[in-house]
Every structure is written in structure tokens, then in C-alpha cells.
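Keep in mind the model is a prediction, meaning the values are calculated, not measured. Atom set for the values below is all heavy atoms of this structure, side chains included, hydrogens, waters and symmetry mates excluded.
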Amino acid sequence: MEFNPTERQAVMSRFVVTTFGTEAKAYEGTHALKELHAEGELTLYGFAVIAKDAGGQVSIKEAPDDLTGTALGTLVGALVGLLGGPAGVVVGMTAGMMLGSIGDLINIGVGADFVDKVSRELAPGKTAVIAEVDEEWVTPLDTRMEAIGGSVAREWRSDFEDAQIAKETAARKAELGQLKAEIAQSGADAKVKLRARINEVKAKLNELSSQAQTKLEKLEKDTDAKISALNGQVAKASEETKARIKQRLAALRTEHDRRVAKLREAGALIKEALAA
């Protein structure tokens, strides 16, 4: 199925990649992020530190234990893969691996322009801090990072996969209905081919069902972690800052409910199609 950028669904956070001249400066950057989180200027959902050595290889210097399966983990893994060698590709990386990384980035809303910018900034010898944040204003983070020599790049996080699953589910359900109507009016030879195609469509629907379930599980994990981060901020914030953080929390829950509804709707359509 072709990718249509207009089908992306907004997610209430941004990816921020800040590049520094040295690893020591990068760790000053992580400290600044934590301070901004403590002050309530932004909510920090997670960060990782990657570095490019003199030979152009990219490695992860620091990352949370639960990075796997998260949007931040997807971004970190894809950037390490795409930016880690000559012309931004790891030596020995296959075309399939490259396409997988690009597809993963599309699913979380990261475009080629953002990757190109990070690639230009992350020259050999430099270190970058990759973070997912929720912020009302860009100035607090920009000011703090620029003061310690960081170059900031941002990308809104969005989700294409939710919309893709829903759209493809509807298309496959319609196709299955058409095939069943056709087989009822076809001769014996045609029926064999049509049954084979019906089985292919059913297999794809089962695959989409698994994708939707996996996506739901990841969404719950992601949302729970974000709610925990926001509640931690609320507990320590001043009354003025607390109100702003509660607004982020309300927006996050609204977004979560919308995405869950879309994925559950896809699951219901699949069950209906397979039961018919």
C-alpha cells in the first residue's frame, strides 16, 4: 500500500536530536533536559545518546533499558543504522535492512529532511542526544542547548501505521466480499483461482489482526510510561506549572483513546470479514 503523508495522525510529542562537539557536552545536554523536565518547561519521555567515531561508525552510548519496542527506540535504531557508515549506511547493511529502517521511520512520522539534517550535523567525532519530549514552547530547550554548544533538530512525532492498518483492513474486507460474490457465479476452473485468492486475502486479514494487536500493546506500554512521567512531574510542580502539565496529561489520554478506538475498529472489521 502506498504511503500518503496526509494520513499521518498527530501524536502529542516531538523528537529532538541535539548534536554536540564532544561526548562531555552531550552529557551536559542530558542534564539540561532533566532540569527542564524538573522545572516543568517540558516533559521528557526518554532519551538516548549516540556518537559517531572518527571512522564514521555510530554507536549507542546510553539508552534506557526499555528502549526496545518504543518510538524512541525505533528512531535510535534507525538512525544508528542509516547514519553509521559511508554515505550514511552501515557497511554490510542490506537493501532490505535499509528499507526496514526507512519504513520504521515513516511509521513514527520521521521524514527524509529530518534524517538528512541529523546526518549533516552528526559528523565524525560528534555526539547526539535523541529525546522524545512534550513542550509548549521551543525557546526554553533551544536556549539551554545552544548555551552549551548544541545544535537542535526537531520532528513532530506522528503515526502512519494506525491509519494504514485501518485503511488496508477496510480495503481487504471489501475485496473479500467481491471475491465471494464472484465465486458464486463462476465456473469450476475460475472457482479454484478465486478460492486461492480468497485464502490469500484471509491470510492478510489475519496478519493485519496481529499487527493491530501488537500496535495496541505498544500503545498501552507507551501511554503508561508517559502517564507515569507526567504524574511524577505533577507531584513536584508548582501550582502554575501543575496546571500546564495536567493539560498535557489530558491531551495524552484523549489521543490514546482516539488511537485505541481506531485500532479496535480495525480488529472488529477483520473479525466481521472472516466470519462472513
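Between E41 and P140, the closest heavy-atom pair is OE1-CG, 3.6 Å. Contact record, A273 with L176: O-CD2, 3.5 Å, taken as the closest heavy-atom pair. The nearest pair of heavy atoms linking K215 to L263 is CG-CD1, 3.7 Å. Of all non-hydrogen atoms in F20 and G150, the two that sit nearest each other are CE2-CA, 3.4 Å. Closest approach of V76 and A48 over heavy atoms only: CG2-CB, 3.8 Å. Minimum heavy-atom separation, V129 to A26: CG2-O, 3.4 Å.
Rounding to the nearest 0.5 Å gives a distance of 4.0 Å between NZ of K34 and CZ of F47. Taking CD from E132 and OG from S13, the interatomic distance works out to 3.5 Å, rounded to the nearest 0.5 Å. Distance check, rounded to the nearest 0.5 Å: CG of D53 to OG of S59 gives 6.5 Å. Atom OH of Y27 and atom CD of E62 lie 4.5 Å apart (nearest 0.5 Å). To the nearest 0.5 Å, the span separating NZ on K221 from CG on L216 amounts to 15.0 Å. For the atom pair NZ of K61 and CD of E23, the computed distance is 5.0 Å after rounding to the nearest 0.5 Å.
Tracing side-chain contacts under 4.5 Å through hydrophobic residues (I, L, V, M, F, W, Y), one reaches I108 starting from I60; they form part of the same cluster. When the side chains of ILVMFWY residues are joined at heavy-atom separations under 4.5 Å, either directly or via intervening members, I270 and V260 end up in two distinct hydrophobic clusters. When the side chains of ILVMFWY residues are joined at heavy-atom separations under 4.5 Å, either directly or via intervening members, I148 and L44 end up in a single hydrophobic cluster. L179 and L208 fall within a single hydrophobic cluster, where Ile, Leu, Val, Met, Phe, Trp and Tyr are joined by side-chain heavy atoms under 4.5 Å apart, directly or via other members.
Looking only at side-chain heavy atoms (C-beta outward), R14 and R157 stay at 4.5 Å or farther from each other. Looking at D113 and K117, their side chains never come closer than 4.5 Å, going by heavy atoms from C-beta outward. Counting heavy atoms from C-beta on, the side chains of I130 and L72 come closer than 4.5 Å. Looking only at side-chain heavy atoms (C-beta outward), L141 and M145 come within less than 4.5 Å of each other. The shortest side-chain heavy-atom distance between T19 and V152 does not fall under the 4.5 Å cut-off. Between I50 and T127, the closest side-chain pair of non-hydrogen atoms is not below 4.5 Å. Here the side chains of E182 and Q178 are not in contact, with every heavy-atom distance at 4.5 Å or above. Counting heavy atoms from C-beta outward, K226 and H256 have side chains that stay 4.5 Å or more apart.
E207 and Q211 are linked by a side-chain donor-acceptor pair at a separation below 3.5 angstrom, with hydrogens and angles left out of the test. Side chains of S151 and E121: a donor-acceptor N/O pair is present below 3.5 angstrom, by distance only.
Under the side-chain hydrogen bond (donor to acceptor under 3.5 Å, both in side chains) test applied with D162, the options K262, R259, K167, R258 reduce to a single match, R259. With L274 as the fixed residue, the side-chain contact (heavy atoms from CB on, under 4.5 Å) test singles out one of V201, L269, L205: L205.
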D222 vs Y45, test: side-chain contact (heavy atoms from CB on, under 4.5 Å). Steps then yes/no.
CA-CA 9 Å; D222 188 48; Y45 293 128; over 6 Å; no

Please step through side-chain contact (heavy atoms from CB on, under 4.5 Å) for the pair L36 and V133, ending with a clear verdict.
CA-CA 10 Å; L36 289 165; V133 305; over 6 Å; no

Walk me through whether L249 and N231 qualify under side-chain contact (heavy atoms from CB on, under 4.5 Å).
CA-CA 8 Å; L249 189 55; N231 282 334; 3.5 Å; yes

After noting the C-alpha distance and the side-chain angles of L79 and V58, does the key distance pass the side-chain contact (heavy atoms from CB on, under 4.5 Å) rule?
CA-CA 9 Å; L79 289 178; V58 178; over 6 Å; no

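Side-chain N or O atoms of K202 include none that pairs as donor or acceptor with a backbone N or O of R197 at under 3.5 Å. With hydrogens and angles ignored, the 3.5 Å screen pairs no side-chain donor or acceptor of S228 with any backbone N or O of D224. S119 places no side-chain N or O within donor-acceptor distance of the main-chain N or O of V115, the cut-off being under 3.5 Å.
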For residues 233-244, dump all side-chain donor-acceptor pairs below 3.5 Å to protein atoms at least two apart in sequence or in another chain.
{"from": "Q233", "atom 1": "OE1", "to": "T43", "atom 2": "OG1", "distance (Å)": "2.5"}
{"from": "Q233", "atom 1": "NE2", "to": "H37", "atom 2": "O", "distance (Å)": "2.7"}
{"from": "Q233", "atom 1": "NE2", "to": "L42", "atom 2": "O", "distance (Å)": "2.8"}
{"from": "S238", "atom 1": "OG", "to": "T241", "atom 2": "N", "distance (Å)": "3.3"}
{"from": "S238", "atom 1": "OG", "to": "T241", "atom 2": "OG1", "distance (Å)": "3.0"}
{"from": "E239", "atom 1": "OE2", "to": "K242", "atom 2": "NZ", "distance (Å)": "3.4"}
{"from": "R244", "atom 1": "NH2", "to": "G40", "atom 2": "O", "distance (Å)": "3.2"}

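With a 6.0 Å radius and a threshold of 12 heavy atoms from other residues, nucleotides or ligands, K180 has its NZ atom above the threshold. The environment of K204 atom NZ is dense: over 12 non-hydrogen atoms of other residues, nucleotides or ligands sit within 6.0 angstrom. Atom CG of D189 has 12 or fewer heavy atoms from other residues, nucleotides or ligands within 6.0 Å.
Residues passing the salt bridge (charged side-chain N to carboxylate O under 4.0 Å, His left out) test with E39, sequence neighbours excluded: R144.
Salt-bridge formation is detected for the pair D142/R154: a Lys NZ or Arg NE/NH1/NH2 atom is positioned less than 4.0 Å from an Asp or Glu carboxylate oxygen.
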